[in-house]
Amino acid sequence: MSDRPSSTTRERRVSPNFITEVIDEDLRQRRYPKIVTRFPPEPNGYLHIGHASSICLNFGLALDYGGECNLRFDDTNPETESIEYVENIKRDVQWLGFQWARELYASDYFEKLHEFAVQLIKDGKAYVDSLSDEEISAYRGTVTEPGRPSPYRDRSVEENLDLFTRMRNGEFPNGAHVLRAKIDLANRNMKLRDPVLYRIVHASHYHTGDAWCIYPLYDFAHPLSDALEGISHSICTLEFENNRAIYDWLLENLRGKCGLPHSPRPYQYEFARRNLDYTMMSKRKLIRLVEGGFVKGWDDPRMHTISGLRRRGVTPEAIREFAKRIGVAKAENRVDLATLEAAIRDDLNYRAPRVLAVLKPLKVGLTNYPEGKVEHLEAPSWPYDVPRQGSRTVPFSRDLYIERDDFIEQPPKGFHRLTPGGRVRLRHGYVIRCDEVVKNSAGEIVELRCTYDADTLGKNPADGPPKGTIHWVSLPHAVPAEVRLYDRLFSVPDPEAGAGGFTDCLNPKSLIIVEGHVEPSVLQNPRDTRYQFERLGYFWQDPADSRPDRLIFNRIVTLRDSWTKATEKPTAVARTPAQAGPSAESTPTVAPPRTVETKPVGAQPGAQADLTLKQQATYTRLRALSIGEADAMVLAREPRLEAYFEEAARGGNAAAIARWVVNELGPAIRTGPAKVAPARLAALVGLLQDGAINSRIAKDVLTEALETGAHPVEIVERKGLRQVSDAGAIEPIVERLIAENPDKVRAYRSGKTAVAAFFVGQVMRDTQGRANPQVVQNLVTRKLAGS
RNA sequence: UGGGGGAUCGUCUAAGGGUAGGACGACGGGCUCUGGACCCGUUAGUGGGGGUUCGAAUCCUCCUCCCCCAGCCA
């Protein structure tokens with residue numbers, strides 16, 4: 001596919017991201033024998049383009065790291081799941097080009113999961129609650145108020161065991177009891193307020209039949225399924241961040257029990273689901289689209305389901321490329337549809353042979369072409385820039401169809417197509433001139449009478465090349481075909497944003513069906529050939545509806561079209577303020593350049609005013625020690641930091657020590673006793689004040705001391721980290737770097753002065769931070785200036 | 001109001017104290033028997049204030065805005 005296959009070997013499937021960083025580190029530490037991921041769909045709907053990101057991530061990671069990825073159906077809710085979904089999900093994953101190591105079902109673990117639940121009960125960490133669902137909800141409290149324990153929370157282990165057994169035996173109706181984890185009803189994380197682990201559901205399950213009438217919930221089944229499978233990295237979406245606490249609680253309480261290995265255990269990582277402009281990803285709403293008849297099924301080519309994209313003609317390669325381009329991250333996002341389209345076009349450009357087809361025909365009669373004559377013109381299937389071989393012949397005759405849009409009686413400026421009296425090149429054929437426009441009684445154009453220039457096949461006419469080239473088909477030879485022109489299903493970028501009423505923003509033009517005419521060569525090609533209809537877009541035969549005697553084409557994606565875009569521009573009203581520019585009528589009330597009122601620092605909102613009386617006193621005292629306002633503020637508010645500071649500052653240097661305590665040691669002190677004692681920090685700061693070391697050395701040393709607990713001054717001694725301020729020692733390094741980077745020097749001299757920082761950084765690196773940065777700075781600036 | 005996350009060109013995403021880079025888009029040009037492709041160029045960004053540092057997207061601090069959590073769904 002690629003024209004540079006040599007460079008694509010060993011290319012990563014997943015671009016580096018925060019998860020690959022975790023994996024790299026885990027591999028360095030040898031925490032797992034191998035990387036094992038899983039793609040865990042619930043079989044209650046079809047996969048969509050959003051799932052494709054997750055699939056490419058999980059399977060791609062396994063491929064990149066030589067690990068494995070399982071396909072696991074998260075089928076713990078018998079009421080919404082079905083085998084139809086299972087089969088389609090499998091088909092979609094395989095079609096995308098991935099093969100799972102193992103095909104698994106959470107429901108296959110039901111017996112094991114039950115055993116875990118019993119273990120939790122025996123350990124006093126789970127109990128049967130007999131409150132109704134409304135009561136449980138009420139007892140759980142709210143985000144601002146703690147919950148209260150259920151009156152059943154302290155049942156004995158025996159009673160819990162008995163009740164749980166009877167739940168399993170089907171002695172109770174739905175909702176009579178649930179099994180809950182005994183965690184903490186006052187926890188600030190709502191998810192930890194005794195989450196429900198099992199509920200009674202008298203329903204048969206597509207996979208386990210009627211074997212069970214109690215079913216585990218996601219929060220219980222998921223982490224344990226991961227652990228059972230030996231998953232190393234359990235990747236899910238952002239909305240499960242709070243659930244991670246349950247994940248960890250369960251694994252910490254059950255690891256090493258019931259045959260579960262103590263270690264390694266899986267950990268959960270969350271990434272942001274990708275949102276695509278003009279599409280919906282919510283399964284619930286997708287179902288409404290299908291069941292409400294707004295589309296013609298899950299594989300309607302307007303749907304961004306995997307099956308819809310497949311039927312539309314998009315290739316798995318294009319989808320994978322798209323997933324790779326948009327990447328993986330944790331920020332909320334809304335991906336431009338143009339990104340998907342670009343990935344599709346890039347793929348199809350090298351895959352789709354070119355043919356000629358006319359979608360909205362306008363008859364052209366060549367008055368000087370012999371009646372009954374037919375020529376078979378040789379036409380390459382690929383443009384010169386696509387390195388592929390192949391051609392076909394296209395019949396040419398007296399009567400043709402051209403695209404209606406390619407003729408305008410009164411053309412706008414810049415129109416390069418056919419006009420009255422104008423000339424145009426017929427793609428792979430002759431140059432023609434329009435002599436006459438034939439209209440019907442209603443004034444509509446029904447035919448063009450043209451003459452062709454017989455001496456223009458493969459060469460330009462004597463009077464110069466025509467402005468444009470248009471596509472055409474020979475009328476008597478054309479193959480009629482239904483052509484389905486698909487456009488975005490919704491007319492707004494975020495159809496899910498509105499309060500439920502996505503039906504208001506359906507695009508009425510999302511499907512336009514036209515009767516088109518295709519050159520006859522398509523009859524010779526395999527049915528699943530994807531074509532470029534030149535100047536129109538990429539098309540292929542609808543895999544479900546097209547028949548040899550009745551061709552039906554789907555438009556996969558249009559070609560980029562800078563002409564239409566340019567002509568439509570005036571209608572686009574949106575004009576950014578930046579474009580308004582100075583030429584806009586200058587209003588007398590021009591806003592002055594934003595005046596930034598510089599408030600006294602202490603008057604920042606939320607600053608001194610919020611201090612308690614005691615903190616005020618501390619603040620004042622610290623300020624008297626000539627400690628900066630910001631530092632004094634932090635110390636006044638945080639007793640732990642303040643205590644540390646007091647001890648460290650006994651020998652003086654209060655202001656400098658305050659800076660170090662606040663800016664460098666804050667996190668370490670807050671989370672416990674820092675590994676660097678106050679007196680040791682003071683000693684380090686002393687070296688810095690004496691100029692023996694610079695702040696770069698001090699920071700590096702402090703970082704190391706914080707990790708190892710070593711004495712910072714001893715680190716300085718051991719490594720011989722003395723600051724080098726002698727310009728004579730530094731100069732050769734600067735000169736060498738300048739000699740080695742002529743391009744950077746040039747950039748600097750042409751105005752890009754920021755490059756100086758590059759040289760400073762290099763010198764600092766070369767000297768392991770020992771050079772005096774000010775000296776370096778001066779040297780670099782002087783040398784770069786060209787002295 | 002509690003807790004958990006997040007914020008970098010229009011969009012998506014890199015840079016983890018040392019030149020803010022790439023992709024998509026937009027704009028301009030070249031080339032062209034596709035107003036496609038390709039090539040070249042331009043545009044444009046660190047949410048805000050303060051601090052630390054020779055140097056801050058990155059470290060500290062205060063603030064703002066956005067998302068998620070009160071299913072016996074996943």
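Note on naming: letters A, B, ... go to the chains in the order of the sequence lines (proteins, then strands), and numbering restarts at 1 for each one. Since the structure is predicted, the reported quantities are computational estimates derived from the model, not experimental observations. Computation of the quantities below employed the complete heavy-atom set of this structure, encompassing side-chain atoms and omitting hydrogens, waters and symmetry-equivalent molecules.
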With the criterion being N/O to N/O and under 3.5 Å, what pairs connect the protein with nucleotides 39-43 of chain B, and how long is each?
none

Inset, instruction - With C1' as the reference atom in both, quote the distance from rG29(B) to rU43(B) in angstrom, rounded to an integer. - result: 14 Å
Legend entry - Phosphate contact (rU52(B) OP1 or OP2) by Ser695(A) side-chain N/O below 4.0 Å: no
Inset, instruction - Side chain of Pro383(A) only, please: which of rA70(B), rG18(B), rG36(B) is the nearest? - result: rG36(B)
Inset, instruction - Any chance you could list the contact pattern along nucleotides 1-9 of chain B? Use B for base contacts, S for sugar-phosphate-only contacts and - for none, protein heavy atoms under 4.0 Å, 5' to 3'. - result: -BBSSSS--
Legend entry - Carboxylate-amine/guanidinium contact Glu241(A) Lys330(A), below 4.0 Å: yes
Inset, instruction - For Arg659(A), answer base if it contacts any base atom (sugar-phosphate contacts may also be present), sugar-phosphate if it contacts only those atoms, and nothing otherwise; contact means non-hydrogen atoms under 4.0 Å. - result: sugar-phosphate
Inset, instruction - Describe the nucleic acid contact of Asp277(A) in one word from base, sugar-phosphate, nothing, applying a heavy-atom distance below 4.0 Å. - result: nothing
Inset, instruction - Take atom C1' in rC68(B) and the same atom in rA74(B), then report the distance between them in whole Å. - result: 15 Å
Inset, instruction - Report yes if at least one side-chain N or O of Thr76(A) is closer than 4.0 Å to OP1 or OP2 of rA74(B); otherwise report no. - result: yes
Inset, instruction - Report yes if a side-chain nitrogen or oxygen of Arg535(A) is closer than 4.0 Å to either non-bridging phosphate oxygen (OP1 or OP2) of rG35(B); otherwise report no. - result: yes
Legend entry - Partner of Arg782(A) under side chain to side chain contact (heavy atoms under 4.5 Å, CB included), chosen from Leu784(A), Leu779(A), Asn778(A): Leu779(A)
Inset, instruction - Check whether any side-chain N or O of Arg696(A) sits under 3.5 Å from a backbone N or O of Asp700(A) as a donor-acceptor pair, and report yes or no. - result: no
Inset, instruction - Under 4.0 Å between any heavy atoms, over every strand shown, what does Tyr384(A) touch: base, sugar-phosphate, or nothing? Just pick one. - result: base
Inset, instruction - Test Asn243(A) against every option in His222(A), Glu270(A), Lys191(A) by the side chain to side chain contact (heavy atoms under 4.5 Å, CB included) rule and name the one that passes. - result: Lys191(A)
Legend entry - Which residue lies more 5' along RNA chain B, comparing Phe240(A) with Ala329(A) via nearest heavy atoms: Ala329(A)
Inset, instruction - Using the closest heavy atom to pick a nucleotide of RNA chain B for each, name whichever of Asn17(A) or Gly141(A) lands nearer the 5' end. - result: Asn17(A)
Inset, instruction - Measure centre to centre between the rings of Phe18(A) and Phe271(A), then say whether the value is under 6.0 Å. - result: no
Legend entry - Between Tyr247(A) and Asp226(A), a side-chain donor and acceptor under 3.5 Å: yes
Inset, instruction - Answer with yes or no whether the side chains of Ser234(A) and Gln268(A) bring together a donor and an acceptor at under 3.5 Å. - result: no
Inset, instruction - Please work out if Gly414(A) contacts a base, only the sugar-phosphate, or nothing of the nucleic acid, heavy-atom cut-off 4.0 Å. - result: base
Inset, instruction - Name the orientation of the base relative to the sugar in rG71(B): syn if the glycosidic angle is within 90° of 0, else anti. - result: syn
Legend entry - side-chain N/O Arg427(A) vs rG36(B) OP1/OP2, d < 4.0 Å: no
Legend entry - Span that lies between the C1' atom of rC69(B) and that of rA37(B), in whole angstrom: 49 Å
Inset, instruction - Look at the side chain of Ser562(A) and decide which nucleotide, out of rC33(B), rG36(B), rA74(B), has an atom nearest to it. - result: rG36(B)
Inset, instruction - Tell me which nucleotide among rG36(B), rG25(B), rC60(B) gets nearest to the side chain of Asn663(A). - result: rC60(B)
Inset, instruction - Identify whether any heavy atom of Arg670(A) sits under 4.0 Å from a base atom; if not, whether one sits that close to sugar-phosphate; answer base, sugar-phosphate or nothing. - result: sugar-phosphate
Legend entry - Separation of the P atoms in rU8(B) and rC67(B), to the nearest angstrom: 15 Å
Legend entry - Side chain Asp336(A) and base rG25(B) donor-acceptor under 3.5 Å: no
Legend entry - Nearest-Å distance once atom P is located in both rU64(B) and rG22(B): 36 Å
Inset, instruction - With heavy atoms under 4.0 Å as the rule, sort Val196(A) into base, sugar-phosphate or nothing. - result: sugar-phosphate
Legend entry - Any Arg334(A) side-chain N or O less than 4.0 Å from OP1/OP2 of rU13(B): no
Legend entry - pi-stack flag for Trp563(A) and rG35(B), centroid dist under 5.5 Å, interplanar under 30°: yes
Legend entry - Expected output: side-chain Asp347(A) to main-chain Ala343(A) donor-acceptor under 3.5 Å: no
Inset, instruction - Compare the aromatic ring of His222(A) with the six-membered base ring of rA74(B) and state whether they stack according to the 5.5 Å and 30° rule. - result: no
Inset, instruction - Would you indicate what Gly458(A) reaches in the nucleic acid, counting non-hydrogen atoms under 4.0 angstrom: base, sugar-phosphate, or nothing? - result: base
Inset, instruction - Provide the distance between the two P atoms, one in rC66(B) and one in rG50(B), to the nearest whole Å. - result: 24 Å
Legend entry - Charged tip of Arg180(A) within 45° of Tyr127(A) ring normal and under 6.0 Å: no
Inset, instruction - Go through the side-chain N and O atoms of Asp129(A) and His177(A) and say whether any donor and acceptor fall under 3.5 Å apart. - result: no
Inset, instruction - Would you classify Leu131(A) as touching base, sugar-phosphate or nothing, given that sugar-phosphate means primed atoms plus P, OP1 and OP2, and contacts are heavy atoms under 4.0 Å? - result: base
Inset, instruction - With heavy atoms under 4.0 Å as the rule, sort Val178(A) into base, sugar-phosphate or nothing. - result: base
Inset, instruction - Could you check whether Arg345(A) gets within reach of a base, just the sugar-phosphate, or nothing at all, counting any heavy atom under 4.0 Å? - result: nothing
Legend entry - Among rU52(B), rA74(B), rG21(B), the nucleotide that comes nearest once only the side chain of Lys752(A) is considered: rG21(B)
Legend entry - Any donor-acceptor N/O pair, Asn17(A) side chain to Thr20(A) backbone, under 3.5 Å: yes
Legend entry - Quiz item: Asp385(A) side-chain donor-acceptor pair to rG36(B) base, under 3.5 Å: yes
Legend entry - Under the 3.5 Å Watson-Crick or G-U criterion, the dot-bracket string of RNA chain B, with | for inter-strand pairs: .((((((..((((....[..)))).(((((.......)))))....(((((..]....))))))))))).....
Inset, instruction - Sticking with atom C1', work out how far rA57(B) lies from rC39(B), rounded to a whole angstrom. - result: 33 Å
Legend entry - Closest listed nucleotide, where the reference is the side chain of Ile326(A) and the choices are rG71(B), rC12(B), rG21(B): rC12(B)
Inset, instruction - May I ask you to verify if any side-chain N or O of Arg354(A) is less than 4.0 angstrom from the OP1 or OP2 atom of rG36(B)? - result: no
Inset, instruction - Kindly say whether Val328(A) contributes a backbone atom to a donor-acceptor pair with the side chain of Arg274(A) at under 3.5 angstrom? - result: no
Inset, instruction - Classify the side-chain pair Glu134(A)/Ser137(A) by whether it contains a donor and acceptor separated by less than 3.5 Å. - result: no
Inset, instruction - Mind checking Ile470(A) for me? I need base, sugar-phosphate or nothing, with any heavy atom below 4.0 Å counting as a touch. - result: nothing
Legend entry - Aromatic contact, Tyr350(A) with Trp382(A) (centres under 6.0 Å): no
Legend entry - Distance test, side-chain N/O of Arg284(A) to OP1/OP2 of rG71(B), below 4.0 Å: no
Legend entry - Integer angstrom distance from the C1' of rC63(B) to that of rG10(B): 27 Å
Legend entry - His471(A) and Val358(A), any side-chain heavy atoms less than 4.5 Å apart: yes
Inset, instruction - Compare side-chain N and O positions of Arg325(A) against OP1 and OP2 of rG22(B) and report whether any pair is under 4.0 Å apart. - result: no
Inset, instruction - Please step through ring pair (Phe, Tyr, Trp, His ring centres under 6.0 Å) for the pair Phe396(A) and Tyr430(A), ending with a clear verdict. - result: CA-CA 10 Å; Phe396(A) 185 85; Tyr430(A) 300 95; 5.1 Å; yes
